[in-house]
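The structure displayed is predicted, hence computed values, not measured ones. Chain identifiers are assigned alphabetically (A, B, ...) following the order of the sequence lines, protein sequences preceding nucleic acid strands; residue numbering begins at 1 within each chain.
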There are 2 protein chains.
Amino acid sequence: MKVTIKDIAEIANVSVATVSRVVNNKSKGVGEETRKRILELIDQYDFQPSAVARGLVTKKSKIIGLIIPDLTNPFYPKMTKGIEDVAHEHGYNIILCDGNNSKEKEAAYLDFLNEHYVCGIIYNNFHTISNTILNKIMKSSLPLVFIDSKPETKRCKCVYLDNRKAMYELVEYLILNGHRKIAFITGPLDSYSTNERYKGYINALSDYDMPIDSDLIVQGDYIIKDGYNAVGKLFSQTKDFTVIACCNDLMAIGAMEKLEDMGIDVPEDISVVGFDDIDIASLVRPKLTTVAQPIHEMGREAANMIINIIEGRSNKIQDNIIFKPNLVIRDSVKKIN
Amino acid sequence: MKVTIKDIAEIANVSVATVSRVVNNKSKGVGEETRKRILELIDQYDFQPSAVARGLVTKKSKIIGLIIPDLTNPFYPKMTKGIEDVAHEHGYNIILCDGNNSKEKEAAYLDFLNEHYVCGIIYNNFHTISNTILNKIMKSSLPLVFIDSKPETKRCKCVYLDNRKAMYELVEYLILNGHRKIAFITGPLDSYSTNERYKGYINALSDYDMPIDSDLIVQGDYIIKDGYNAVGKLFSQTKDFTVIACCNDLMAIGAMEKLEDMGIDVPEDISVVGFDDIDIASLVRPKLTTVAQPIHEMGREAANMIINIIEGRSNKIQDNIIFKPNLVIRDSVKKIN
DNA sequence: TTGAAAGCGGTACCAT
DNA sequence: ATGGTACCGCTTTCAA
C-alpha cells in the first residue's frame with residue numbers, strides 16, 4: 001500500500017494539517033522540532049503526496065499539455081525540447097500528445113487534457129480545427145498557446161514563423177538563380193502554415209510575372225514517402241520544370257530519393273529545395289538548400305508565454321510572436337541561365 | 001467555471017449518483033427517460049467529468065507513463081508510436097517523458113509519474129539505475145515494463161533486442177569481409193544495451209582470435225556530434241583500422257561526416273557500420289550498413305505487456321520478450337582481402 | 001504552533 | 001429506478 005499523509009500524521013502523532021504544512025514548505029506554523037521529526041518520517045516511509053488529490057483541491061497541476069502533429073518528423077522533437085527546457089526551469093512537466101496528423105485524434109487529445117487538470121495547453125494545430133472545438137477550448141478558459149500554427153477566426157496567443165515570407169524568399173532565390181518552371185510539393189492546404197507557404201509561392205511567382213501552372217503543383221502529407229510519390233505524379237503531369245520546391249525537408253528528401261532512382265541528377269538535372277532545416281537536411285547528398293525555422297527558440301518562447309499566462313503575468317504577454325525565417329543555401333540548387 | 005456532476009444533477013433534478021451512472025454507461029439503474037434527459041444536459045452544458053476526481057477514488061487512470069532517453073534520436077519516436085498504437089486501441093493514453101540522457105532526470109520522472117496515478121510505467125532505462133531507485137519503484141507495486149533495457153539485479157518484465165547477438169553478427173560480418181582492425185565507437189557502458197553491444201564486439205573478436213586493442217575503442221553519447229568527434233579522437237590514437245563499428249546509426253552518420261571532411265572515402269578507404277536502422281540510415285550516401293531493431297513491434301509488445309499486467313491477465317505475461325536482430329547490408333562496407 | 005473540519009468532484013455501496 | 005452518503009488524499013480556513 002501507498003503511504004498517505006494520514007499515515008504520516010498518525011505515526012508522528014500530529015494532525016494532517018501539520019504534515020501538509022511541512023510537505024509544502026510553509027515556513028511558519030510548524031515548530032522546528034516537529035518539522036524535523038516529520039521530515040524524517042517522510043523520508044523513512046518514502047511518502048510521496050498524491051498529485052491527484054492535491055490537484056483536486058488546488059485545481060492546479062504544474063503540467064502543461066502539448067499537442068503536436070507527428071513525433072516522427074524530427075522538427076517536432078526539436079520543438080518539444082525547447083518547450084521542455086524552459087518548462088523544467090519553472091518546475092513544469094509536459095504531457096506530450098502525438099496527434100498523428102489526424103484531426104480527430106487532435107480533438108480527442110484536447111478533451112483528454114481538459115479532463116486532467118493540466119494547467120495549460122500548447123497546441124501545434126495541424127489541420128485547421130473547427131470553430132466548435134475552438135470555442136470549446138476557449139470557453140474552458142484554460143491557458144492556450146498555439147505554436148507553429150494560428151487559427152484564422154479567433155484572436156489567440158500564437159508563436160509561429162512568418163511562413164509566407166519564408167517560402168517567398170525561397171522561391172525568389174530560385175527565380176534569381178534562373179529558374180522559371182518551379183514545381184511545388186505542398187502539404188494539406190487546411191493547415192495554416194502550409195497555406196501560408198503556398199501563398200508565399202504564389203506571391204513570388206506573380207511578383208515576377210510568372211504563370212501559376214496547376215500541373216506543377218502536387219500535394220503530400222509531410223512524410224518522406226509522399227515526397228517520393230509526388231515526384232512520380234509530377235512527371236506524369238508534365239516534364240517541364242527545373243526545380244522542385246517542397247513544403248518540408250522530409251518531402252524534399254523523398255523527392256531526391258525518387259529522382260535518384262530515376263537516374264536524374266540533383267542538382268545538375270533538377271534542383272530541389274526543402275523547408276525546416278532539420279538535421280537530416282545537411283546529411284543527405286547533395287546537402288539540401290532549405291529555409292530554417294528557429295524551432296528550438298520557438299519552443300522556448302511558447303513555453304515562456306504559457307507560463308506567463310498561467311502565473312498571471314499578463315503584462316508580459318503579447319498576442320503573437322512571429323519569427324523570421326533564415327535561408328540556408330547548400331548544394332541542391334543549380335544556377336541556370 | 002467548469003460544470004460539475006453536481007451541477008448536472010441539480011439541473012436534471014436527480015442525484016449525482018444517477019448522473020454518475022449515465023456518465024459511466026452503466027446499462028442498468030437508470031430509466032430510459034432519465035438517461036436521455038441527462039445525456040442531453042451533458043451535451044448542452046458540455047460537461048466533462050474530472051479525471052482527477054475520478055482518479056482519486058478509483059485509483060486508476062488509463063494513463064501509462066513512458067520514459068525514454070532522448071526524443072531527438074529518431075529511434076525513440078518510432079518506438080513511442082508502436083506503444084501509442086496499442087495503448088490507444090485499449091483506451092490508454094501516454095505521458096511521454098524525455099530523460100535527456102540524464103540519470104537524474106530519469107529518476108525525477110519516475111517520481112513524477114508515481115505521484116500522478118499513472119496506471120503503469122514503460123521505462124526505457126538508459127544509464128543503469130541504482131538499486132535504491134529500482135527498489136522504490138518496485139515497492140510502489142506500480143506495473144512496470146522495461147523496454148530496450150534490463151536491470152541486471154532484479155527480476156523484471158523486459159522487452160528488448162538481443163543486443164549482444166546483434167553486434168556479434170555485425171562484427172562477424174565485417175570479419176568475414178576481411179576486416180581485421182575494427183574500430184569501435186561505443187556508448188556509455190553503464191547502459192545495459194550498450195554494454196551488451198560491447199560484449200558482442202569483444203566476443204566476436206575473441207572468437208576469431210583477434211586481439212582487443214583499446215586504442216581502437218572510443219566512447220560517445222549516441223548523438224551525431226559524438227560520432228564526428230570520436231573519429232578525430234580515433235585518428236589521434238591510431239591509424240590502423242579499416243572499419244568503424246558504431247553503437248548506433250546517429251554516431252555512424254557523424255563518423256561518416258567527419259571522414260568526408262577529412263577527405264577519406266567511405267567505404268573505399270574506410271568502412272562504417274551503425275546500429276538501429278533508423279530512417280536516415282538509408283538516406284545518407286553511401287547507404288549505411290547496419291543492424292535493424294524491430295522497434296515499432298517492440299513498442300507494441302511492451303504496451304501489450306503492461307496492459308496485460310494492468311488488467312490482471314497474468315496468464316499472458318511472460319518475463320522477457322527478446323527480439324532478434326536483422327542485419328541490413330547496404331553500401332558502407334568494403335570487402336577487402 | 002497546532003488541530004478540526006469542510007470541501008474538491010467524483011464513485012460505489014446501501015437504502016428506499 | 002433512484003437517492004443519500006461515506007469516502008479518496010489532500011489543502012485551507014478557522015479555532016484553540
request  = Look at the side chain of A:Ser50 and decide which nucleotide, out of C:dG10, D:dT11, D:dG9, has an atom nearest to it.
outcome  = D:dG9
key: Nearest-angstrom distance from the residue atom CZ of B:Arg37 to P of D:dA1   = 15 Å
N-O pairing of B:Arg300 and B:Glu89 below 4.0 Å = yes
request  = Could you check how far CG of B:Leu56 sits from P of C:dG9, rounded to whole Å?
outcome  = 12 Å
message = When you measure from the side-chain N and O atoms of B:Ser20 to the phosphate of C:dT11, is any distance below 4.0 Å, counting only OP1 and OP2?
response = yes
Gap between atoms NZ and P, on B:Lys60 and D:dG9 respectively (whole Å) = 14 Å
A:Lys6 NZ to D:dC10 P, straight-line distance once rounded to whole Å = 10 Å
request  = Rounded off to whole Å, could you give me the CD-to-P distance for the B:Gln48 and C:dG9 pair?
outcome  = 14 Å
request  = Let me know the distance between CD1 of A:Ile5 and P of D:dC8, rounded to the nearest Å.
outcome  = 14 Å
Exercise: do B:Tyr222 and B:Ser191 side chains pair donor with acceptor under 3.5 Å = no
inquiry  = From CD1 of A:Ile42 over to C1' of D:dC10, roughly how many Å is that when rounded to an integer?
reply    = 13 Å
ask   = Any ion pair linking B:Glu311 and B:Lys60 (charged N to carboxylate O, less than 4.0 Å)?
value = no
message = Please find the pair of heavy atoms, one from B:Lys6 and one from B:Val16, that lie closest to each other, and give the distance.
response = CA-CG1, 3.9 Å
inquiry  = In this structure, how many angstroms lie between the P atom of D:dG9 and the CG atom of A:Asn24, rounded?
reply    = 17 Å
Pair B:Lys81-A:Asp70, salt bridge (charged side-chain N to carboxylate O under 4.0 Å, His left out): steps then yes or no = CA-CA 9 Å; B:Lys81 288 273 193 188; A:Asp70 176 21; 3.0 Å; yes
What does the list of N/O pairs under 3.5 Å between the protein and nucleotides 2-5 of chain C look like, with a distance for each?
from	atom 1	to	atom 2	distance (Å)
C:dT2	OP1	A:Thr34	OG1	2.8
C:dT2	OP2	A:Gly31	N	2.3
C:dT2	OP2	A:Thr34	OG1	2.9
C:dG3	OP2	A:Ser15	N	2.8
C:dG3	OP2	A:Ser15	OG	3.3
C:dG3	OP2	A:Thr18	OG1	2.8
C:dG3	N7	A:Arg21	NH2	3.4
C:dG3	O6	A:Arg21	NH2	2.5

inquiry  = My understanding is that only residues two or more places apart in sequence, or in another chain, count here; which of them pass ring-ring contact (aromatic ring centres under 6.0 Å, His included) with B:Phe112?
reply    = B:His116
request  = Check whether any side-chain N or O of A:Lys59 sits under 4.0 Å from OP1 or OP2 of D:dT11, and answer yes or no.
outcome  = no
request  = Take B:Thr58 and A:Thr58, find for each the nucleotide of DNA chain D with the closest heavy atom, and name the residue whose nucleotide sits nearer the 5' end.
outcome  = B:Thr58
Any donor-acceptor N/O pair, A:Ser193 side chain to A:Ser149 backbone, under 3.5 Å = no
